[in-house]
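Report on the structure given below.
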Amino acid sequence: MDRRPPPDPLVPRWTHRHRQRRPALRTTPHPCPRPRPDRHGPRRDLARLATPPRPRPPRSGVLARPEHGSLTGVHLTRIGLTPLKGARHTDLDRVHLDPTGPRGDRLYCLLETGRDRVLRTVDNPTMVLVTAAWDGADLTVTTPGEGTVTAAPLPTGEVRTCSYWDRAARLEVMTSPHADQLSAHLGRHVRLARIRTAGEVVYGGSVTLVTTGALRRLCEAQDSRFRATFTVAAEQDPEPGTFLQVGGATVRVRGPVPRCRVVDINPDTAALDTRHLHTIAGQGRAERDVPFGIDADVVTPGEARLGDAVTPVPSPG
C-alpha cells in the first residue's frame with residue numbers, strides 16, 4: 001500500500017517526477033571531468049592572465065622596430081631599372097647609387113614627333129615589351145618584332161625643352177638606329193633623346209621602394225609592375241624622413257609615390273589586366289593622386305646588392 005501523500009494539484013506534475021528520478025550525488029570524481037561553461041563567457045585561467053606573455057620573435061620579413069631601432073629581417077628581394085624611359089624594368093643583382101640616383105637609370109627617353117613631349121607609357125603600353133641595356137657606351141634595345149639593335153647613340157647638337165607631365169625637361173636629341181626600330185614597334189614616329197640633367201624624366205625621387213607587405217595586401221605577385229628600384233621584404237613602408245642604410249648606400253625617404261594607370265599594365269603582355277589603381281585609390285580620391293610605395297633621395301653613395309639588409313640609421317648630419 002502506497003503511503004505517499006497525493007500530489008499537490010497546484011504544483012506541476014513534472015516537478016514530482018523530476019524529484020523522484022533525480023540521481024544520487026556522485027561521491028567520487030569523474031575520471032574525465034568536463035569544464036563547466038561560464039554564463040558570462042568561456043572560463044578563463046586567472047593564473048595565466050596574471051602572467052605576462054612572452055614576446056614572440058619577429059617573423060622573417062616583418063618590419064619591426066625594437067628599442068635599438070633596427071629593422072629585423074628586412075632585406076632587398078629585387079633590384080630593377082631601365083636605361084630607356086618606359087621600357088621594361090631589368091632585374092639586377094646589384095646597383096650603384098650615385099648622388100643623383102641609380103647609375104644608368106632612365107638616361108634615354110623617346111620624344112613624340114611634332115609635339116615636344118616625352119612619350120608616355122600609359123598611352124603606349126607596348127613600351128613595356130621593350131628591353132634595354134646600356135654598358136656606358138652602347139645602347140642595346142630589343143623589341144618583339146624588330147629584334148635587337150646595339151649602337152652608340154650620337155648627339156645631334158639639338159637641345160629641346162619638352163613637356164614631361166606638365167614639367168619642363170631639357171633633352172638632347174640623338175641619332176641612332178634605335179629610333180627607327182622603336183617607331184616600327186610602336187606604330188608611330190618617335191625620336192631618341194638623352195637627358196642633360198639627372199632626374200629630368202623621373203616623376204619623384206630618384207630611388208623608389210615597394211614592400212612585400214603592400215604587394216601582398218594588393219594580392220599582386222609581379223613587383224616589376226610597379227617599376228621600383230627596390231623591393232623590400234617588409235610589412236610596412238618606412239615613414240617619411242627616415243634614413244635607411246641600403247647595402248653600402250644611405251637614402252632618405254621622401255614620401256609616397258603617386259601612381260598612374262601604368263600599374264595596371266602587365267609587364268609580360270602589355271595588357272591592361274588589373275584594376276590596381278582603382279583598388280588603392282579608395283573612395284573620394286582622384287586616381288592620378290593615388291600613392292603606392294615610397295621614393296627617396298641618395299644621401300651617401302654606395303653599392304646595393306640583392307639580399308642586402310635595409311636598416312634605419314641616424315641622420316648623417
Side-chain angles (χ1 to χ4, degrees), residues 58 60-66 68-85 87-108 131-136 195 198-216 220-257 267 291-317:
S60 176
V62 175
L63 185 63
R65 290 189 180 275
H68 56 77
S70 66
L71 299 179
T72 303
V74 178
H75 62 281
L76 299 179
T77 62
R78 180 184 178 274
I79 302 173
L81 57 77
T82 176
L84 178 61
K85 174 72 176 176
R88 178 183 297 173
H89 257 214
T90 303
D91 291 352
L92 303 175
D93 294 331
R94 65 185 67 187
V95 65
H96 190 90
L97 296 183
D98 292 325
T100 54
R103 185 175 297 174
D105 187 31
R106 287 166 285 189
L107 300 176
Y108 297 92
T131 59
W134 185 71
D135 62 3
I195 62 173
E200 287 279 13
V201 292
V202 177
Y203 191 82
S206 59
V207 177
T208 52
L209 301 89
V210 296
T211 60
T212 54
L215 291 168
R216 185 176 61 254
E220 180 53 65
Q222 287 180 313
D223 50 355
S224 59
R225 185 185 292 264
F226 293 90
R227 312 174 67 81
T229 312
F230 300 119
T231 301
V232 182
E235 284 298 312
Q236 303 292 336
D237 293 346
E239 294 293 329
T242 303
F243 289 86
L244 298 175
Q245 184 78 29
V246 184
T250 304
V251 301
R252 180 184 181 275
V253 176
R254 289 163 39 110
V257 180
F292 189 86
I294 58 171
D295 61 2
D297 293 325
V298 179
V299 178
T300 304
E303 187 178 70
R305 301 184 180 186
L306 204 62
D308 279 351
V310 179
T311 310
V313 295
S315 170

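Hydrogens, waters and symmetry mates are skipped; everything else that's a heavy atom, side chains included, is used.
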Heavy-atom pair of closest approach, residues T77 and A233: CG2-CB, 3.7 Å
Is a donor from one side chain sitting under 3.5 angstrom from an acceptor on the other, for Q245 and T250? yes
List the atom of V299, the atom of P316, and the distance in Å for their closest heavy-atom pair. CG1-CG, 3.6 Å
With side chains defined as the heavy atoms from C-beta onward, is the minimum distance between R227 and R88 less than 4.5 Å? no
Run the numbers on W134 and L107 for side chain to side chain contact (heavy atoms under 4.5 Å, CB included), then give the verdict. CA-CA 9 Å; W134 185 71; L107 300 176; 3.3 Å; yes
I'd like to check L97 versus V207 (side-chain heavy atoms, cut-off strictly below 4.5 Å). Are they in contact? yes
Strictly below 4.0 Å, N to O, side chains only: are D93 and R305 in salt-bridge contact? no
Residues D98, R103: salt bridge by 4.0 Å N-O rule: yes
Sub-4.5 Å side-chain heavy-atom contact between F226 and L215: yes
Nearest non-hydrogen partners of T212 and A234, listed with the distance: OG1-N, 3.2 Å
Would you say T229's side chain and T208's backbone share a donor-acceptor pair under 3.5 angstrom? yes
Whether the side chain of R252 engages the backbone of V298 through a donor-acceptor N/O pair (distance < 3.5 Å, no angle test) should be reported. no
Shortest non-hydrogen contact between G205 and D295, atoms and distance: N-OD2, 2.8 Å
Could you check whether any side-chain heavy atom of I294 comes within less than 4.5 Å of a side-chain heavy atom of P238, counting everything from C-beta outward? yes
What one should report as the nearest heavy-atom pair of R94 and I79 is CA-CD1, 4.0 Å
Flag, side chain of E220 to backbone of Q222, donor-acceptor distance under 3.5 Å: yes
Flag side-chain contact, heavy atom, 4.5 Å: V210 against F292: yes
Contact check, side chains of V246 and F230, non-hydrogen atoms, under 4.5 Å: yes
Tell me the closest heavy-atom pair linking G302 and A249, and the distance in Å. N-CB, 3.7 Å
Under the 3.5 angstrom rule, does the side chain of T90 hit a backbone N or O of T82 as a donor-acceptor pair? no
Using a strict 4.0 Å threshold on nitrogen-to-oxygen distance, state whether R106 and E200 make a salt bridge. no
